[in-house]
Chemist: 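Please read through the structure below; I'll follow up with questions.
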Amino acid sequence: MTTYTPAPYREYLPELPSWFAWGIYPVFVVALVVFCWLFARRVHRSGTGVRELGRGVVAAVKQDPTGVLGRVVADVFGQVRVRRDRLGATLHLLIFGSFGVLVIGTALVAIEEDFTARVFGWHFLRGGFYLAFEVVLDTAALALAVGTALAMWRRYKMRPAHLGGRTSVHVVYGVLLYFALSGLALEGARLVVRPVDWDRWSYVGWALSKALDPAFGAHAIGAYQVLWVAHAGAAFALIALIPILMLDHVVILPVAIALQARREPGMLTTPFDLPAIMEADGDLEGVNAGVASPVKLGWERRFMLDACIDCGRCEAVCPANAAGRPLSPRVLVQALGSDLRASVAAGTVPDDDVFAREVLTEDTAWSCLTCGACARECPALVDQPGTVVQLRRHLVEEGRVPERQAGVLEAVERNQNPLGLPSYQRTQWAEGLDVPTLADNPNPEYLYWIGCMAAYDQRARSVAKAMVAILTHAGVSFAVLGEEESCCGEAQRKLGDEAGFQMRAMETIALLEGHEVVKVLTHCPHCLATFTKDYPQFGATFEVVHHSVLLAELIAAGRVPAPAASDGGTLTYHDPCNLGRLGGVFDAPRAVCAAVAGPQFVELGRRADASFCCGAGGGNYFYRVDEERSVSSLRLAEVVSSGAGTVATACPFCLGMLEDATKSASAESLRVADLAELVAATLPAASAG
């Protein structure tokens with residue numbers, strides 16, 4: 001007689017009353033209702049409505065469905081930003097991934113029992129698929145326990161300085177650990193009360209069943225029922241309470257990412273349209289550029305502040321914080337978020353600003369380098385630099401600008417350059433050189449924008465001279481504005497003088513359009529960012545090319561000789577923030593470095609979009625902020641540790657900051673050079689001038 005052995009299958013709710021099968025759904029509905037109510041309250045505390053939030057997300061998706069959805073998938077499921085921190089990525093992947101697998105597994109059980117089996121008579125949790133299902137779920141529960149334990153070890157034992165976290169994080173750790181362990185214990189108890197031939201596929205549950213069997217004895221069924229109710233009850237409670245626990249980022253972050261997905265790195269808001277105002281009546285009375293309190297921010301930015309999960313990743317990469325300045329982007333956002341929630345709860349708009357209420361200090365606002373490192377790291381896509389600039393705008397409007405910063409703004413207005421040097425000296429850099437102006441070459445391929453640094457700074461002038469030699473040797477048609485050129489206004493905008501910046505932008509755009517300029521070449525990433533991110537908001541349409549991109553093209557085309565040096569020593573490259581992280585230009589500078597140094601080109605530890613600021617951003621080049629150690633010296637230490645004899649950069653500000661740092665650190669043997677200088681050195685003597 002043949003013995004029939006059933007295929008492995010998932011038994012649904014063994015040893016539980018029959019009404020459990022339908023009774024859990026009303027409880028689930030109640031949990032969802034509580035979740036929705038708490039989520040609405042959670043959204044409301046930022047002064048935003050759920051409908052407004054929903055319309056905003058829908059509008060974002062409609063405008064750029066591929067970009068928005070792609071960004072959400074990459075950041076939420078791909079964990080793109082989280083993966084940048086190795087330990088944080090490991091434990092988060094264990095927790096997030098395993099929890100997701102367990103949720104999917106639970107959903108599959110419910111779908112089979114209450115839909116496919118009940119409606120169609122189809123059971124898919126059978127045979128080999130079911131055995132694999134058991135292995136995966138046991139592994140996921142084990143991974144959840146390990147990941148949670150790692151997270152607790154990091155927080156309570158390692159205690160990294162940047163790690164924040166709300167009080168509920170301790171509750172979340174306990175709940176996650178409980179879920180993992182109680183789920184495994186429940187699996188073991190099930191195998192005690194209903195042993196099966198395939199029990200070893202549930203390998204953790206099977207091992208636990210051997211320990212639980214003698215402990216349960218005659219009370220095995222009762223113990224299993226208690227474990228099931230405790231585990232399921234905790235699950236429903238967690239679902240309901242997610243919006244008020246640290247786990248709220250599971251639902252808040254995808255929304256925040258969708259709203260901010262289209263924002264370009266380094267893109268600042270334009271609080272008013274000066275050209276339109278001037279065309280109307282020219283009256284700026286009552287026009288506010290800055291923000292005195294977070295409650296006055298637009299609803300998207302208010303929600304963005306409230307979306308901060310206090311993870312501290314921004315603080316860990318902030319150069320200002322590393323230098324000991326009174327700035328932590330994490331603390332800044334958390335402080336503004338708390339102030340926002342207090343204002344919304346009180347239903348009032350404060351009469352005074354965040355500085356008067358001691359939410360922040362004014363030194364905090366002036367310490368930011370606007371390098372974008374914090375915004376790059378933020379899982380919620382919070383725009384910390386943009387918020388800082390809005391606070392600076394308020395201080396400028398109030399006339400509360402420190403003497404050194406005020407001097408920079410006055411210099412731009414008075415001398416058309418932030419260095420405060422006479423405007424008649426702008427063309428002195430070209431003395432002795434045959435540099436064509438637009439009068440000499442009215443229709444050049446490139447209008448070479450010299451910028452204030454190369455026009456006035458003695459060290460940066462060599463960059464412009466090197467570029468002139470390269471362009472001349474390669475036969476590139478170019479011309480300069482000469483005395484017509486003035487400051488692009490970048491320092492004004494970053495320091496908060498929005499009206500002054502817009503006026504300068506209007507004048508510069510009109511000047512270039514008057515000359516019918518089509519393509520602009522610049523060696524300054526600060527000018528590049530202003531031309532490509534800010535000016536288009538005021539109608540600029542000309543193309544802008546950074547000199548590193550053109551250099552790479554000229555070298556690739558053989559129009560400029562750049563033989564790989566065999567005895568020039570090791571070369572490394574420092575990525576300027578405005579060119580790399582904010583501008584997206586990474587490959588061209590490296591192509592130039594590789595052409596010049598060949599195999600002796602080495603990379604720094606923090607590079608590309610993870611590069612560390614030189615300390616000049618946000619207008620900081622023109623004034624000094626009190627700090628324990630200069631930002632430039634911190635970067636220089638990384639360069640020195642690379643063993644390179646030369647560090648190349650592609651920004652006149654970085655050039656000046658790093659070279660000054662070599663003198664302060666007694667590291668004069670380290671050469672600091674611009675890419676143009678390295679390439680110009682390969683030209684024939686006559687061309688190099």
Side-chain angles (χ1 to χ4, degrees), residues 41-57 59-60 252-253 255-273 286-310 314 327-362 364-366 368 370 372 374-375 378 380-398 400 493-499 537 618:
R41 287 187 58 190
R42 171 73 168 73
V43 172
H44 177 72
R45 74 179 191 176
S46 66
T48 307
V50 174
R51 290 183 180 179
E52 190 174 31
L53 190 66
R55 286 195 293 266
V57 172
I252 295 297
L253 258 60
V255 176
I257 292 169
L259 292 172
Q260 301 298 322
R262 293 169 292 122
R263 190 187 75 232
E264 291 186 30
M267 180 71 77
L268 297 175
T269 60
T270 301
F272 57 83
D273 186 348
V287 175
N288 294 319
V291 173
S293 297
V295 72
K296 295 182 179 179
L297 289 167
W299 72 266
E300 282 193 22
R301 284 190 169 266
R302 293 198 304 272
F303 182 79
M304 182 170 59
L305 284 180
D306 197 51
C308 172
I309 60 175
D310 202 17
C314 56
L327 169 65
S328 160
R330 176 181 65 83
V331 173
L332 180 142
V333 173
Q334 283 288 306
L336 291 175
S338 296
D339 186 70
L340 168 65
R341 290 186 287 274
S343 297
V344 172
T348 60
V349 177
D351 294 328
D352 50 7
D353 60 33
V354 291
F355 306 109
R357 295 197 303 278
E358 298 184 346
V359 175
L360 299 172
T361 67
E362 294 185 14
T364 295
W366 297 115
C368 182
T370 66
C374 53
C378 181
L381 272 62
V382 176
D383 180 21
Q384 299 94 333
T387 301
V388 167
V389 170
Q390 288 187 307
L391 293 172
R392 289 180 176 181
R393 288 170 177 170
H394 167 68
L395 293 173
V396 170
E397 287 178 328
E398 293 286 305
R400 290 152 54 187
R493 187 163 230 204
K494 293 294 175 61
L495 289 176
D497 182 10
E498 181 65 19
Q537 299 177 42

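The residues of the chain are indexed from 1 along the displayed sequence. Just so it is clear, the values below take in all heavy atoms, side chains as well, and ignore hydrogens, waters and symmetry mates.
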Chemist: Which atom pair, heavy atoms only, marks the closest approach of Ala60 to Ala258?
Modeler: CB-O, 3.7 Å

Chemist: Verify the neighbour count for atom CG of Asp351: are there more than 12 heavy atoms of other residues, nucleotides or ligands below 6.0 Å?
Modeler: no

Chemist: At their closest point, which heavy atom of Leu253 faces which heavy atom of Ala307, and how far apart are they?
Modeler: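 Closest approach of Leu253 to Ala307: CD1-O, 3.8 Å.
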
Chemist: Are the side chains of Asn288 and Pro271 in touch, meaning some heavy atoms are under 4.5 Å apart?
Modeler: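 No, too far: nothing below the 4.5 Å cut-off.
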
Chemist: For the residue pair Ala289 and Phe272, what are the closest heavy atoms and their distance?
Modeler: CB-CE2, 3.6 Å

Chemist: Using every non-hydrogen atom in the two residues, find where Arg330 and Cys314 come nearest and quote the distance to one decimal.
Modeler: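 Of all heavy-atom pairs spanning Arg330 and Cys314, the closest is N-SG, 3.3 Å.
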
Chemist: Flag the pair Val349 / Ser343 as yes when at least one side-chain heavy-atom distance between them is below 4.5 Å, and no otherwise.
Modeler: no

Chemist: Inspect the surroundings of CZ in Arg357 and state if more than 12 heavy atoms from other residues, nucleotides or ligands are less than 6.0 Å away.
Modeler: yes

Chemist: Taking all atoms of both residues into account, what is the closest heavy-atom pair of Gln260 and Glu300, and its distance?
Modeler: NE2-OE1, 3.8 Å

Chemist: Mind jotting down which residue pairs meet the salt bridge (Lys or Arg N to Asp or Glu O under 4.0 Å) criterion with at least one end in residues 42-54? Sequence neighbours excluded, please.
Modeler: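 Sorted pair list: Arg42-Asp248, Arg42-Asp306, Arg45-Asp306.
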
Chemist: Kindly say whether Ser46 contributes a backbone atom to a donor-acceptor pair with the side chain of Arg302 at under 3.5 angstrom?
Modeler: yes

Chemist: Using every non-hydrogen atom in the two residues, find where Leu495 and Arg392 come nearest and quote the distance to one decimal.
Modeler: O-CB, 3.7 Å

Chemist: Are Trp299 and Leu53 close enough, and set up right, to give a side-chain contact (heavy atoms from CB on, under 4.5 Å), and what steps lead you there?
Modeler: CA-CA 9 Å; Trp299 72 266; Leu53 190 66; 3.7 Å; yes

Chemist: Is a donor from one side chain sitting under 3.5 angstrom from an acceptor on the other, for Arg393 and Thr269?
Modeler: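 Indeed, the side chains of Arg393 and Thr269 share at least one donor-acceptor pair under 3.5 Å.
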
Chemist: With distance as the sole test, does Arg263 use its side chain to make a donor-acceptor pair with the main-chain N or O of Leu381 at under 3.5 Å?
Modeler: yes

Chemist: So how far is it from Glu397 CD to Asp353 CG, rounded to the nearest 0.5 Å?
Modeler: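 So the gap between those two atoms works out to 11.5 Å.
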
Chemist: Could you check whether any side-chain N or O of Thr48 sits under 3.5 Å from a backbone N or O of His44, counting only pairs where one atom can act as donor and the other as acceptor?
Modeler: no

Chemist: What's the separation between atom CG in Leu327 and atom CD in Gln384, rounded to the nearest 0.5 Å?
Modeler: 9.5 Å

Chemist: Could you measure the distance from the NZ atom of Lys494 to the CG atom of Leu268? Nearest 0.5 Å is fine.
Modeler: 6.0 Å

Chemist: With sequence neighbours excluded, what pairs up with Arg301 under the side chain to side chain donor-acceptor pair (under 3.5 Å) test?
Modeler: Asp383

Chemist: Just to verify, what does Glu362 make a salt bridge (charged side-chain N to carboxylate O under 4.0 Å, His left out) with, not counting sequence neighbours?
Modeler: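 With sequence neighbours excluded, Glu362 shows a salt bridge (charged side-chain N to carboxylate O under 4.0 Å, His left out) to Arg400, given in chain and number order.
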
Chemist: Sub-3.5 Å donor-acceptor pair from the side chain of Ser293 to the main-chain atoms of Lys296, do we have one?
Modeler: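 Not a single qualifying donor-acceptor pair exists.
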
Chemist: For Phe303 and Ile252: C-alpha separation, side-chain torsions, deciding distance, then whether side-chain contact (heavy atoms from CB on, under 4.5 Å) applies.
Modeler: CA-CA 9 Å; Phe303 182 79; Ile252 295 297; 4.0 Å; yes

Chemist: About how many Å separate CD1 of Ile309 and SG of Cys378, when rounded to the nearest 0.5 Å?
Modeler: 7.5 Å

Chemist: Start with the C-alpha gap between Leu259 and Met304, add the side-chain angles, then the distance that decides, and say whether side-chain contact (heavy atoms from CB on, under 4.5 Å) holds.
Modeler: CA-CA 9 Å; Leu259 292 172; Met304 182 170 59; over 6 Å; no

Chemist: Of the options Val359, Leu305, Leu360, Val344, which is the one that meets Asp339 in a side chain to side chain contact (heavy atoms under 4.5 Å, CB included)?
Modeler: Val359

Chemist: Working note: Phe355 + Leu395, criterion side-chain contact (heavy atoms from CB on, under 4.5 Å); need CA distance, chi angles, decisive distance, verdict.
Modeler: CA-CA 10 Å; Phe355 306 109; Leu395 293 173; 3.7 Å; yes

